[in-house]
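A quick write-up on the structure given underneath.
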Amino acid sequence: MSDFVTIFEMGPRDGLQNEKLFVPTVRKIELVDRLTACGFRKIEVTSFVSPRWVPQMADAQEVMEGIYRHPAVSYGVLTPNVKGYTAARNASADEVAIFGSASEGFSRKNINCSVAESIERFKPLLDKASHDGVPVRGYVSCVVECPYDGPTPPEKVAEVARTLYDLGCYEISLGDTIGAATPETTAAMLDAVLDVLPAEKLAGHFHDTGGRALENIEVSLEKGLRTFDSAIGGLGGCPYAPGAKGNVATEAVVDLMTRKGLETGIKRDLLGEVAEFARSLRSVEA
Ligand code: HMG
Ligand code: MG
């Protein structure tokens, strides 16, 4: 098993998308540039979604135009449909991410369609990305619990994850969208997904509402996962998932990996002040 762990930094996107007051575009650009300097190799920069649904991400194009592009970094963006993909491509995103759900309630609230309809909507996007050679990451949200439907059956997570993988996603990020997972529910969910996909194709995406994200990451490490999503300063939330507080903080994840003797390639000494800067972008201190 590899002793290198990839951290996919979510701060500029999942971290900021829920902020009530608009964060100035120059501040978003500064955050991405400072994260680049920390040594991340994967940064989710913004979302090409409907600005009516997520006003905070309305400056996606300007942010993409303004950031410094380190050649070793993959700058990714969220794209819910072909319209978003086309805009992301015009902005030269290095990779894009589609986001589906293992629960019907969240799918409807977040992307305004059923799980099955979302898969149909993703297909033309995946075809275009494959033609263009753009890697596509797939999110599955609500992998243990949905704010609308309650507990999610692990088999449903496995089914959606496998479907997105079969359609061409290079990696499936498993989202505990509302931070309700425990080590036990995480293990049960992963066991089901690992029956259909190998650990190296999976990533863990834990929100920390219940304060157990680090334990859930430890369980995921034991199951062989080596990619984790996190947000600098623990920023975060999803406007369509009540109770989804911050993502697990990147600095805490890096420290966990260090304690476990795992490499991340991140310059830990720089994270503290970038986390402080990231938290200063919040409209209200959590
Ligand atoms: P809809 O209203 O059903 O879409 O929304 P529509 O196709 O009927 O279009 C309605 C309007 O939106 C039209 O504009 C479209 O042009 C426009 P109008 O003609 O009325 O002026 N539109 C767009 N504009 C810009 N970019 C686009 C786009 N698409 C349509 N890509 C839609 C459906 C998917 C667009 C909408 O529901 C949406 O944008 N949802 C995004 C929600 C979101 O971003 N949520 C947060 C991210 S997910 C998350 O945080 C979870 C995650 O972190 C993992 C985890 O934690 O589990 C990833
Ligand atoms: Mg999230």
Side-chain angles (χ1 to χ4, degrees), residues 8 10-20 44-58 60 76-85 87-88 93 95-126 136-153 156-161 163-165 167 169 171-181 189 193 203-210 213 229 231 235-248:
F8 207 133
M10 297 278 133
R13 195 281 301 172
D14 207 354
L16 293 181
Q17 69 182 9
N18 203 30
E19 281 304 316
K20 297 286 168 285
E44 201 159 80
V45 176
T46 185
S47 306
F48 285 91
V49 296
S50 163
R52 268 201 262 143
W53 283 67
V54 186
Q56 187 61 254
M57 299 282 109
V77 301
L78 284 195
T79 52
N81 50 22
V82 169
K83 186 178 172 94
Y85 173 77
E95 62 181 275
V96 301
I98 54 176
F99 44 110
S101 173
S103 71
E104 291 294 338
F106 183 67
S107 184
R108 292 229 165 258
K109 295 279 185 192
N110 194 45
I111 51 175
N112 204 21
C113 62
S114 68
V115 174
E117 284 163 346
S118 76
I119 305 291
E120 290 308 309
R121 193 183 277 175
F122 296 147
K123 283 180 183 168
L125 187 165
L126 282 149
V136 182
R137 196 170 196 240
Y139 284 100
V140 182
S141 284
C142 298
V143 293
V144 294
E145 193 156 327
C146 170
Y148 308 103
D149 299 352
T152 306
K156 186 67 192 171
V157 183
E159 182 194 316
V160 177
T163 302
L164 293 184
Y165 183 76
L167 285 173
C169 292
E171 178 175 273
I172 305 298
S173 176
L174 300 165
D176 175 22
T177 316
I178 57 169
M189 179 275 295
V193 179
H205 178 111
F206 293 99
H207 287 251
D208 204 20
T209 318
D229 303 350
L235 294 188
C238 172
Y240 296 100
K245 285 217 300 201
N247 291 69
V248 64

- prompt: Where do C113 and S107 come nearest, in terms of heavy atoms and distance?
  reply: O-OG, 2.7 Å

Shortest non-hydrogen contact from L125 toward V82: N-CG2, 3.8 Å

task: Compare every heavy atom of A180 with every heavy atom of V144, then report the nearest pair and how far apart it is.
output: CG2-C, 4.3 Å

Worked verdict on K123 versus L167 for side-chain contact (heavy atoms from CB on, under 4.5 Å): CA-CA 7 Å; K123 283 180 183 168; L167 285 173; 3.9 Å; yes

task: Rounded to the nearest 0.5 Å, what's the gap from CD on E145 to OG1 on T209? Could you check?
output: 10.5 Å

Heavy-atom check, side chain of V140 versus side chain of S173, under 4.5 Å: no

query: Only one of F106, F99, F206 forms a side-chain contact (heavy atoms from CB on, under 4.5 Å) with T177, so which one is it?
result: F106

- request: Mind listing the closest non-hydrogen atom pair of G11 and L235 along with its distance?
  value: O-CD1, 4.3 Å

- request: Could you tell me whether the side chain of S47 and the main chain of V49 form a donor-acceptor pair under 3.5 Å?
  value: no

message: To the nearest 0.5 Å, what is the distance between OH on Y148 and OG on S101?
response: 10.5 Å

task: Kindly indicate whether the side chain of V115, heavy atoms from C-beta on, has any atom under 4.5 Å from the side chain of V160.
output: yes

Side-chain touch E104/D149, heavy atoms, less than 4.5 angstrom: yes

- request: First locate atom NE2 of H207, then atom CE of M10, and finally report the distance between them rounded to the nearest 0.5 Å.
  value: 9.0 Å

task: Nearest 0.5 Å please: distance from the CG atom of N112 over to the OG atom of S118.
output: 11.5 Å

- request: Begin with the C-alpha distance, continue with both residues' side-chain angles, and end with the deciding distance and a verdict on side-chain contact (heavy atoms from CB on, under 4.5 Å) for L78 and Y139.
  value: CA-CA 10 Å; L78 284 195; Y139 284 100; 3.5 Å; yes

query: Is a salt bridge present between D229 and R137, judged by a nitrogen-to-oxygen distance below 4.0 Å?
result: yes

field: R121 CZ to S114 OG distance, which is reported to the nearest 0.5 Å
entry: 9.0 Å

query: So, for C142 and T152, which heavy atoms are closest and what is the spacing to 0.1 Å?
result: O-OG1, 2.7 Å

message: If you apply the rule side-chain contact (heavy atoms from CB on, under 4.5 Å), what do you find for L164 with I98, and how did you get there?
response: CA-CA 9 Å; L164 293 184; I98 54 176; 4.0 Å; yes

- line: All heavy atoms of M57 vs all of T46, minimum pair found to be SD-OG1, 3.6 Å

message: Taking the side chain as everything from C-beta on, heavy atoms only, tell me whether L174 gets closer than 4.5 Å to H205.
response: no

- prompt: Could you state the interatomic distance from SG (C146) to CD1 (I178), rounded to the nearest 0.5 Å?
  reply: 7.0 Å

query: What's the verdict on side-chain contact (heavy atoms from CB on, under 4.5 Å) for V136 and E95, showing C-alpha distance, side-chain angles and the deciding distance?
result: CA-CA 6 Å; V136 182; E95 62 181 275; over 6 Å; no

- request: Please check if the side chain of D208 supplies one atom and the backbone of G246 the other of a donor-acceptor pair under 3.5 Å.
  value: no

